[in-house]
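This report concerns only the one structure given below.
Side chains are part of it too, since the values below use all heavy atoms of this structure and drop only hydrogens, waters and symmetry mates. Numbers for residues simply follow the sequence, beginning at 1.
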Amino acid sequence: MDEENDVDAQATTASSDGSDSSPAVIAAPWDPVGTRVVGLRLESLRLAVGDDVTRAAIREQIEFLGALHGYAHVTFCLQYLVEPLAPRAEDRLQIDLIAASTGEAGPPSTQDMRELVEDLEDLLQSHDRWYRFERIVDDDALAHALSPFEISAAIEVLRREEPVGTALLRRGVGFGADLTVEEVQQLSAFSAFQLTDDPRSDLIALLMAQDHPVVFRVTAKPTSLSAEERLALGALDRHWPAPTGPGTLDDVARRSLQAMAFVDPNFEVTVTIAGDRRLSPTLVESVGIAVSPPQSPTAAATSISGGYELAPIADTDLSGSALGRESSDVDWLAPQPLRRLRRVMGPWELAA
């Protein structure tokens, strides 16, 4: 065991100090002038077994995700790429952590991107008892990860949006007004993605069972609520009807929206599944369930959580959508200033 640990320590040192090889740095296909991309590839994984170990792994994952909020100009993408017909067995499933940076004051330099990789490696070292990533050092390999195949179908997995009641805006006024008529506005709330102890092994097995290429991507960009969004949340809160009691739908939905106003740090998140042909409904629904399984009917309701909504992405040129393309066919109930919040979440939901 000691010898094994020594070998691991030597490998970690070699990759983190940059002495073995330099990471590939390429221009982003969707923004070749202003954005640069680097990547790390998962080389080994230890499955967490036992409740205590699982909780420790999840806790460290949340801490890792929270630390990423410091990279304000970087979009991160965790990608599962399955290519069943790849000549080598080890290439049929690749799990990559991709980072695309726009720089703080203009396009980042190659040195800036190498320092970003070193920062990520330092951060990952504190979690290397669970998983080990290595630098992607080949430009072609990184370019292939961004555009692995010609995509013909893509779907985004979103928080579900639920109508939860109406807000009283005003009553009729004047001697002839009908005081029984009220002008109301439909209220809605977004469900929270539900974090579970599922190690994703079932999802990976289903991805590997596909007979054609598929890619599953989770992108996260550090963000903060805008002043307009906070004002809109405040206005909505003031118009919200008084809950009829604790744990009622009105009360739970109100708590869900209030939580969005105070959670920190925040990330703008997109979750997509894409393929080179029609996507199996079984696969798509399984991705949704893996991200956010239904909440147990016996669970105490303190917020709206569990479940998801699937929305097609009309533009399937996904060379850059790995890092933020959104669905186009979404029916919105929420007013415009609050719609972005459907994709804004903290580290707990992002961990899901």
For this session: Could you tell me which residues satisfy side chain to side chain donor-acceptor pair (under 3.5 Å) with D138, sequence neighbours excluded, listed by chain and number?
Result: none
Under 3.5 Å donor-acceptor pairs involving side-chain atoms of residues 274-283, not counting sequence neighbours:
from: D276; atom 1: OD1; to: H212; atom 2: ND1; distance (Å): 3.3
from: S280; atom 1: OG; to: T282; atom 2: N; distance (Å): 3.2
from: S280; atom 1: OG; to: L283; atom 2: N; distance (Å): 3.4

Exercise. Minimum heavy-atom separation for P29 to P32, with atom names?
Worked result: O-CD, 3.8 Å
For this session: Sorted by first residue and then second, give each side chain to side chain donor-acceptor pair (under 3.5 Å) pair with at least one member in residues 33-45; sequence neighbours left out.
Result: D31-T35, R41-Q94, R41-D96
Exercise. Is the shortest side-chain N to carboxylate O distance from R159 to E309 below 4.0 Å?
Worked result: no
Problem set entry | Contact summary for Q79 and A145, nearest pair of heavy atoms | NE2-O, 2.9 Å
For this session: Just do the side-chain contact (heavy atoms from CB on, under 4.5 Å) check on K221 and F267 with the steps written out, would you?
Result: CA-CA 5 Å; K221 180 175 177 55; F267 297 85; over 6 Å; no
For this session: Decide yes or no on side-chain contact (heavy atoms from CB on, under 4.5 Å) for T219 and C77, but give the supporting numbers first.
Result: CA-CA 4 Å; T219 70; C77 174; 3.9 Å; yes
Exercise. Looking at the rings of F193 and Y308, which for Trp means the six-membered one, are their centres under 6.0 Å apart?
Worked result: no
Problem set entry | E121 and Q125 side chains, donor-acceptor separation under 3.5 Å | no
Exercise. Would L158 and R343 count as a side-chain contact (heavy atoms from CB on, under 4.5 Å) if you check the C-alpha gap in whole Å, the side-chain angles of each, and the deciding distance to 0.1 Å?
Worked result: CA-CA 7 Å; L158 285 157; R343 297 184 176 94; 3.7 Å; yes
Exercise. Can you name the nearest heavy-atom pair linking L42 to F133, along with the distance?
Worked result: N-CD2, 3.3 Å
Problem set entry | From CA spacing to verdict: side-chain contact (heavy atoms from CB on, under 4.5 Å), L146, I98 | CA-CA 9 Å; L146 292 179; I98 299 167; 4.1 Å; yes
Problem set entry | Atom of Q210, atom of P84 and distance for their closest heavy-atom approach | O-CG, 3.1 Å
Exercise. What heavy-atom pair brings G346 and N266 nearest, and what distance separates the two atoms?
Worked result: N-OD1, 4.0 Å
